[in-house]
Amino acid sequence: MPMDKKKQVILSLRNISQSFVVKNEVKPAVEDVSLDVYDNEFLVVLGPGHCGKTVLMNVIAGIETPVEGKKYLKGEEIQGNDRRIGMVFQSLNLMPWRTVLGNVEFGLELAGVGKKERRAISQKYIDLVRLTGFEHAYPHELSGGMKQRVGIARAYTNNPEILIMDEPFGALDAQTRYAMEEEVLRIWKEEKRTVVFVTNNIEEAVFLADRIILLSNCPAKVKQVYDLSPLGRPRNLMDSDFLRLRTEISDNTDLAL
Amino acid sequence: MSKKHGLNLSKAEIMEHRLEILYRILPLISVLLLVGLWMIASRDFNADVGSGFPTPAAVWDRTVRLFTRPVKKMNLIMHALVSLRRIGLALAFDWTFGIIFGIIIGWFPKPRAFFTPMFDAFRAVPPLAWIPLITLWFGIGEFPKILIVIFGSLASIVVNVKAGLSAVDKMYLNVGTVFNATPMQTLIKIAIPSSLDAIFAGVRTSTSAAWMVVLAAEMLGADSGVGFLISRGMDSIDMPLVLTGMIAIGIVGAILAILTQFVERLICPWTRKSK
């Protein structure tokens, strides 16, 4: 089981607050969030509604600069974006003008990695997400689940230490979603990284997580942290412990209206 | 019920099949109707005094005569090629300077703020209004005509490129941020490719605009080109020649449109399905 050695903190957020502007009105999205992410854990950030979660992930990825608070990577304070943090986006953000291979090797291309090496690394991750044979397909030719696989491969290719997945399966139908949850666990086991996975789906959270950080509704604050290591893996959605924890979290979750 | 037809087609399928046939026939009917109307409109045609509307046969004869007895030693195709050469040179400038200028004012806010009023004033002036000044400055050679074509077609490419570059989707830019893109990489690897369809819309509209303007420029003072043929026909009350010129314009314009569309599909294969 995980964590034989002492848990090492890889990423810390301290007192992060962020707001956004709607119609000339400043609204708080994230309020005073502090959290630690452990090395190689599968952390799920669970929260209701639409505000807060993506903003918090954008802050971690450096897409947004928080109004207040600090972030530390391996004890060092970082600002803005960092090569060691990768992201799988909610809305896929695949580039329609690039093929699967072109999308997957995009980060390496920007980093100036030579063509041969780029191809080899990209191919490894295309194989890992089981898209072998689709290298030269364009995103519009792929199904929703396949597009997400491209997104995951693209994030993996730059070899980040932390992989943020922002509600990656929100737009998928239930069947594909279950399949992709299993896939994400398989990929994570084969290529261990620290994963910060965002979702508003409690079942998905309990199925995937080593730990769950439950956020409150707008503005997002840390409401409770759950340790799921007693559940073990693989998990069964019908297991009594699974259902008990699922109900417990459900009762504790704010209603998003 | 559907077995009556011998095939196992549902009613909906039969309807769809009939519709497909209709869709193929309709364009044909349209062309036949046009020729029919033309024949009716031209029944009072008198070639000797040039009164009435020329008949299709007269136009055909005139077209053939244009090859046997060329005007200014040039047959119809040579005149068309002269016009095409003029727009070709003008478009070469449009597609280099115009695209670069469009990218600059679309992507960088300061040049946009500075150049937009100047550019808006320039494009509000119809290109033909420049003819007196340009003729006065540069005479009546090839260069002034090409300049008029540039003035008439540059705006459409700049406007389209600018629109594309100033509306790059944030989600693509976020990918660049996460991968540490430099500002130059963001422009070259994200902003410009994501605007390629807008750039191609500019290529298409500038091509058709150039073709319109070159004919107008030729009608006002040239001794070659399809526009010249039309004004020559007007001056010598040779209406079949005017019609020949008009039809040539239509055909060349259509070929240009198909050609640019073909090139777009070649360069941007991903737009094929998303449209």
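Per chain, numbering begins at 1; letters A, B, ... match sequence-line order. Heavy-atom basis, side chains included; hydrogens, waters and symmetry copies ignored.
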Worksheet item: Side chain, backbone, both or neither: which part of B:Thr182 has an atom under 4.5 Å from a heavy atom of chain A?
Response: neither
Item to complete: Return yes when atom CZ of B:Phe114 has more than 12 non-hydrogen atoms of other residues, nucleotides or ligands closer than 6.0 Å, and no otherwise.
Response: no
Worksheet item: For A:Ile164, is it the side chain, the backbone, both, or neither that has a heavy atom closer than 4.5 Å to a heavy atom of chain B?
Response: neither
Fill in: More than 12 heavy atoms from other groups under 6.0 Å of CD on A:Glu68
no
Discussion item. Against A:Met87, only a single residue in B:Asn174, B:Thr177, B:Val178, B:Val175 fulfils side-chain contact (heavy atoms from CB on, under 4.5 Å); can you say which?
Written reply: B:Val178
Practice prompt. Hey, could you give me the OH/CE distance between B:Tyr172 and A:Met95, rounded to the nearest 0.5 Å?
Written response: 8.0 Å
Item to complete: Dump the intermediate steps for side-chain contact (heavy atoms from CB on, under 4.5 Å) on B:Asn180 and A:Asn81, then the final yes or no.
Response: CA-CA 7 Å; B:Asn180 280 286; A:Asn81 51 343; 3.4 Å; yes
Practice prompt. Can you establish whether the number of heavy atoms outside A:Arg14 located under 6.0 Å from its atom CZ is more than 12?
Written response: yes
Worksheet item: So with a 6.0 Å cut-off around CD of A:Glu190, is the heavy-atom count from everything else above 12?
Response: yes
Worksheet item: What do you reckon, is CE of B:Met184 surrounded by more than 12 foreign heavy atoms closer than 6.0 Å?
Response: no
Worksheet, complete the sentence: Residue set satisfying ring pair (Phe, Tyr, Trp, His ring centres under 6.0 Å) with A:Phe106, at least two apart, ordered chain then number -> none
Worksheet entry | Heavy atoms from other residues, nucleotides or ligands near NZ of A:Lys189 exceed 12 (cutoff 6.0 Å) | yes
Worksheet item: Under the side-chain contact (heavy atoms from CB on, under 4.5 Å) criterion, do B:Ser194 and A:Trp97 qualify, and how do the steps go?
Response: CA-CA 7 Å; B:Ser194 85; A:Trp97 60 89; 3.2 Å; yes
Item to complete: Side chain from CB out, backbone as N, CA, C, O: work out which of these in A:Leu108 comes under 4.5 Å of a heavy atom of chain B, or both, or neither.
Response: neither
Worksheet entry | N/O donor-acceptor pair under 3.5 Å between A:Asn93 side chain and B:Met171 backbone | yes
Item to complete: Return the minimal non-hydrogen interatomic distance between B:Pro269 and A:Tyr138, and the atom names on each side.
Response: CG-OH, 3.2 Å
Worksheet item: Around B:Glu16, counting heavy atoms of other residues, nucleotides and ligands shown, do more than 12 lie under 6.0 Å from its CD?
Response: no
Item to complete: Assess whether atom CD of A:Gln79 is packed by more than 12 heavy atoms of other residues, nucleotides or ligands within 6.0 Å.
Response: no
Item to complete: Would you mind reporting whether A:Arg154 and B:Phe179 have side-chain heavy atoms less than 4.5 Å apart?
Response: yes
Worksheet item: With a 4.5 angstrom heavy-atom cut-off, which part of B:Leu173 approaches chain A: side chain, backbone, both or neither?
Response: neither
Practice prompt. Grab the two heavy atoms, one from A:Glu109 and one from B:Gln185, that are nearest each other, plus how far apart they are.
Written response: O-NE2, 4.3 Å
Item to complete: Would you mind checking which part of A:Asp82 comes under 4.5 Å of any heavy atom in chain B, side chain (CB onward), backbone (N, CA, C, O), both or neither?
Response: backbone
